[in-house]
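Let me begin by presenting the structure, written as structure tokens, before commenting on it.
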Amino acid sequence: MDQDRKTGRQLLEERGQFGNDVVAVEVGAGTAKEIFDLHTPLPVGATEVRAIRQNDPKALPIIRHSTAHVMADAVQKLFPGTKVAFGPATESGFFYDYDRPGGTFSDSDLEAIEQKMLEIIEKDSPFVREPKSREDLIAMLEKMGEPYKLEHVQRLEGELTIYRHGDWIDLCEGPHVPSTRFLKAFKLTHTAGAYWRGDERNPMLQRIYGTAFASPKDLKAHLKALEEAKARDHRKLGKELELLAFHPWAPASPFFTAKGARIYNALCDYIRELYDLHGYEEVITPQIFDKELFETSGHLPAYYENMFLAATKEALEKASKELVEKPPADAHQCEHTLTEHLRFGVKPMNCPSHCLLYGMKRRSYRDLPMRMADFGRLHRYERSGVVQGLTRVRTFAQDDAHIFCTPEQIEQEIGDFIDLVYRVYRDFAFADPKIFIATRPDQRIGDDAIWDASEKALIDGVSAKGLPFEIAEGEGAFYGPKVEFHLKDALGRSWQLGTIQADFNLPERFDLTYVAADNSQHRPVMLHRAVLGSVERFFGVLIEHVGGNFPAWLAPEQLAIVTVASDYDAYAHEAAKELRKQGFRVTVDDSHERLGSKIRDARLRRVPYIGVVGAKEAEGRGLQIRSRDENADIGFLSLDEFTTRLRGEHRPPSLRG
RNA sequence: GCCAUCUUAGCUCAGUCGGUAGAGCAGCGGUUUCGUAAACCGCAGGUCACCGGUUCAAGUCCGGUAGAUGGCUCCA
């Protein structure tokens with residue numbers, strides 16, 4: 001039967017479309033496209049066949065996955081006894097997981113592996129696909145002594161295949177490049193630990209990451225882009241520009257310097273202005289609550305390990321006394337006694353306190369939708385290995401708000417919120433975010449009927465805006481599903497910033513009601529939403545996005561006046577004073593340095609405007625202005641002219657004019 | 001939390017084979033008054049992250065702790 005089926009190569013040759021740069025073929029049309037090796041017999045009746053050539057973006061995952069095979073080959077040749085697990089292509093390269101008995105891989109190992117890989121590639125061995133019966137495959141893997149592959153086979157169904165290049169074999173469904181000669185540019189980048197099957201209860205394997213491209217030129221460009229991204233890293237820039245700092249005594253908790261705080265507050269003030277326009281009202285709520293609150297909200301059971309409990313002397317005394325009187329049987333019981341007496345918890349999120357505030361008064365349908373905003377500080381005990389710069393911290397604030405509304409109002413509110421999100425992201429010149437709808441997780445509160453309604457509400461709300469989205473199965477919060485808005489940082493990592501979540505659970509738990517027009521009582525729906533997400537995280541992503549060059553409306557220093565010589569200091573201070581009266585943030589550098597040195601300093605601080613002051617400027621009551629963004633001297637401007645210019649940029653784009 | 005790596009002056013980094021601590025920038029004091037990315041001279045600045053061990057001797061070797069970094073897992 002197979003004799004009737006042609007391979008991709010045969011088909012392309014017949015059509016005169018074959019060439020030395022063909023990597024694989026893509027079969028089918030529309031959403032039903034599938035990629036095959038050149039030498040694999042294609043499905044019967046395959047007519048829509050397209051060659052994937054070396055430089056096609058679709059060739060990249062094939063090249064990378066094939067390189068991963070060669071790496072595993074090299075590793076097993078160099079380190080006998082090493083077992084292989086999985087080795088897929090990723091968004092920016094590939095990895096392969098290994099179990100190396102009693103060892104890990106060092107940087108010098110990586111070099112040796114790269115050398116061995118080059119040797120393997122030079123042999124120009126073809127990648128050969130061989131279908132195998134399950135029994136044969138299991139026998140083969142047992143003989144090879146590959147326990148991870150063996151375990152994997154047990155879970156697979158249908159036709160199984162192996163791929164062979166040279167004398168190395170891997171259980172794999174392909175596709176692969178025709179031969180190792182197509183692997184022209186690769187680099188092993190780093191090692192890491194990774195759990196087998198991504199489960200932390202499983203043993204940890206050694207993962208080696210690498211990247212590969214169609215040509216050395218592409219690889220070089222990629223490595224260069226990585227270098228450039230590193231230069232924009234918010235941790236590096238945050239330190240250099242003196243925006244933020246960390247101290248070991250407050251792990252994962254940023255300090256914002258005067259400059260950093262200026263930007264931080266500008267971000268919050270900007271959101272506050274939009275709140276006025278979008279019908280939100282800001283509230284301030286407590287930091288520390290009786291645990292009753294978190295038991296009612298469901299946080300304590302669901303969120304215990306991430307919460308800071310607040311110990312007091314009184315609580316410790318009571319707990320100690322009980323422990324002495326009734327010694328615990330085991331550590332678990334001891335912990336129970338201790339936490340029993342710790343009466344207070346630090347809030348990890350604002351929603352429970354907003355429920356309290358809502359419930360303190362009779363609410364009418366006329367009050368809805370009620371949009372309650374809060375920049376309250378939150379504390380979450382993140383595990384030590386997960387914290388990172390500003391993007392994952394233990395203390396932060398969100399531009400948080402909760403919308404209490406009727407079920408009928410949900411769609412409208414989601415629509416309004418999406419408008420707000422896009423307005424904000426445009427003000428920061430971000431590309432459009434990627435939208436995910438995260439559905440019910442395994443650990444959750446509330447009935448499935450409620451989850452059905454919540455998920456539908458979100459999908460309807462986003463669909464009504466005509467925006468594309470993807471479903472993130474099981475990624476929702478424990479109290480409700482989420483719409484997530486993701487943006488990418490300079491290193492290409494995707495971060496969730498904005499979110500809106502439908503919650504029918506908390507209003508139930510807090511027994512929140514409103515009185516309808518007919519005097520009957522109803523349960524409001526609660527929408528949790530944030531545009532920036534965490535202000536800290538947004539700040540971090542923003543630093544990288546602008547590379548430290550904050551637009552004038554955010555810049556902590558908008559104009560640096562530098563004097564040519566000390567004779568002009570007096571005028572410089574006068575001009576600064578006048579401009580500060582306009583609300584501008586102006587500094588004067590009257591140090592006894594040379595002009596070039598002062599200019600350099602101001603440029604390194606990424607100040608949007610530098611105003612040089614000498615005899616001409618003092619005489620003409622103006623400034624010789626250099627613009628950071630135009631990277632040029634834009635000439636003499638009178639103080640009035642400069643005021644007009646800066647006033648235009650002094651406000652967020654969508655709030656100008 | 002797990003695997004790996006790192007931690008030397010305010011910052012960026014040297015420090016050889018284990019032999020007792022260095023530079024540049026920043027800071028401070030002088031000199032210089034200068035027109036668009038670094039003037040010159042001098043001074044000061046260190047419990048080499050912390051705790052312990054090996055050694056005649058530890059920044060250097062070993063163990064532990066903390067923090068950070070790259071991943072994994074997690075992420076309301």
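Reminder, nothing fancy here: chain letters follow the sequence lines and each chain counts from 1.
Following rounding to the nearest Å, A:Gln443 (CD) and B:C74 (P) show an atom-to-atom distance of 13 Å. Put simply, CD1 on A:Ile610 is 12 Å from P on B:A38, counting in whole angstrom units. Distance CZ (A:Arg197) to C1' (B:C2): 19 Å, rounded to an integer number of Å. Rounded to an integer number of Å, the gap from A:Glu382 CD to B:C2 P is 17 Å. Protein atom OH of A:Tyr98 is 18 Å distant from nucleotide atom P of B:G71, rounded to whole Å. Spacing between atom CZ of A:Phe246 and atom C1' of B:G10 amounts to 18 Å, rounded to whole angstrom units. Distance A:Asn202 CG to B:C72 C1': 12 Å, rounded to the nearest Å. Nucleotide B:C34 holds its P atom 12 Å from the NZ atom of A:Lys598, rounded to whole Å.
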Self-check item: Stepwise salt bridge (Lys or Arg N to Asp or Glu O under 4.0 Å) check, A:Glu641 with A:Arg645
Solution: CA-CA 6 Å; A:Glu641 286 167 335; A:Arg645 180 177 174 120; over 6 Å; no
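Rounded to the nearest Å, the gap between the P atom of B:G35 and that of B:C25 is 22 Å. For the C1' atom pair drawn from B:G45 and B:G10, the interatomic distance equals 9 Å after rounding to whole Å. With both ends at atom P, the span from B:G29 to B:G67 equals 38 Å, rounded to whole Å.
Judged by distance alone, with hydrogens and angles left aside, the side-chain atoms of A:Lys434 form no donor-acceptor pair with the main-chain N or O of A:Leu487 at under 3.5 Å. Formation of a donor-acceptor pair under 3.5 Å by the A:Arg371 side chain with backbone atoms of A:Tyr280 is not found in this model. Judged by distance alone, with hydrogens and angles left aside, the side-chain atoms of A:Asp503 form a donor-acceptor pair with the main-chain N or O of A:Leu506 at under 3.5 Å.
Among the atoms of the strands shown, only primed sugar atoms or phosphate atoms (P, OP1, OP2) are found under 4.0 Å from some heavy atom of A:Ala252. Within 4.0 Å (heavy atoms only), A:Ala477 reaches sugar-phosphate atoms of the nucleic acid but no base atom. Residue contacts shown for A:Tyr209 are limited to sugar-phosphate atoms, with no base heavy atom under 4.0 Å away. Note on A:Glu617: a base of the nucleic acid sits closer than 4.0 angstrom, heavy atoms only. Residue A:Gly596 is classed as a sugar-phosphate contact, given heavy-atom separations below 4.0 Å to backbone atoms only. Contact annotation for A:Glu593: base contact, defined as any heavy-atom pair under 4.0 Å involving a base atom. Counting non-hydrogen atoms under 4.0 angstrom, A:Ala194 reaches the backbone sugars and phosphates but no base.
Side-chain atoms of A:Arg383 and base atoms of B:C74 include no donor and acceptor less than 3.5 Å apart. Under 3.5 Å, the side chain of A:Tyr195 and the base of B:G1 form at least one donor-acceptor pair of N or O atoms. Checked by distance alone, A:Gln206 brings no side-chain donor or acceptor within 3.5 Å of a matching partner on the base of B:G71. Judged by distance alone, with hydrogens and angles left aside, A:Arg201 brings no side-chain donor or acceptor close enough to the base of B:C2 to form a pair under 3.5 Å.
Pairing of B:U31, defined by two Watson-Crick or G-U wobble distances under 3.5 Å, is identified with B:A39.
Using a 4.0 Å cut-off between a side-chain N of Lys or Arg and a carboxylate O of Asp or Glu, A:Arg621 and A:Glu574 qualify as a salt bridge. Using a 4.0 Å cut-off between charged side-chain N and carboxylate O, A:Lys482 and A:Glu484 make a salt bridge.
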Protein-proximity profile, nucleotides 23-31 of chain B, B/S/- by nucleotide at the 4.0 Å heavy-atom cutoff, equals ---------
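In this structure, A:His528 and A:Tyr479 have parallel ring planes: the angle between them is below the 30° cut-off, well short of the 60° mark.
With respect to A:Asp97, the salt bridge (Lys or Arg N to Asp or Glu O under 4.0 Å) criterion is satisfied by exactly one of A:Lys149, A:Arg207, A:Arg197: A:Arg207.
Regarding contacts with the backbone of B:C34, every side-chain N or O of A:Tyr568 stays at 4.0 angstrom or more from both OP1 and OP2.
For A:Phe256 and A:Phe539, the ring centers are positioned less than 6.0 Å apart.
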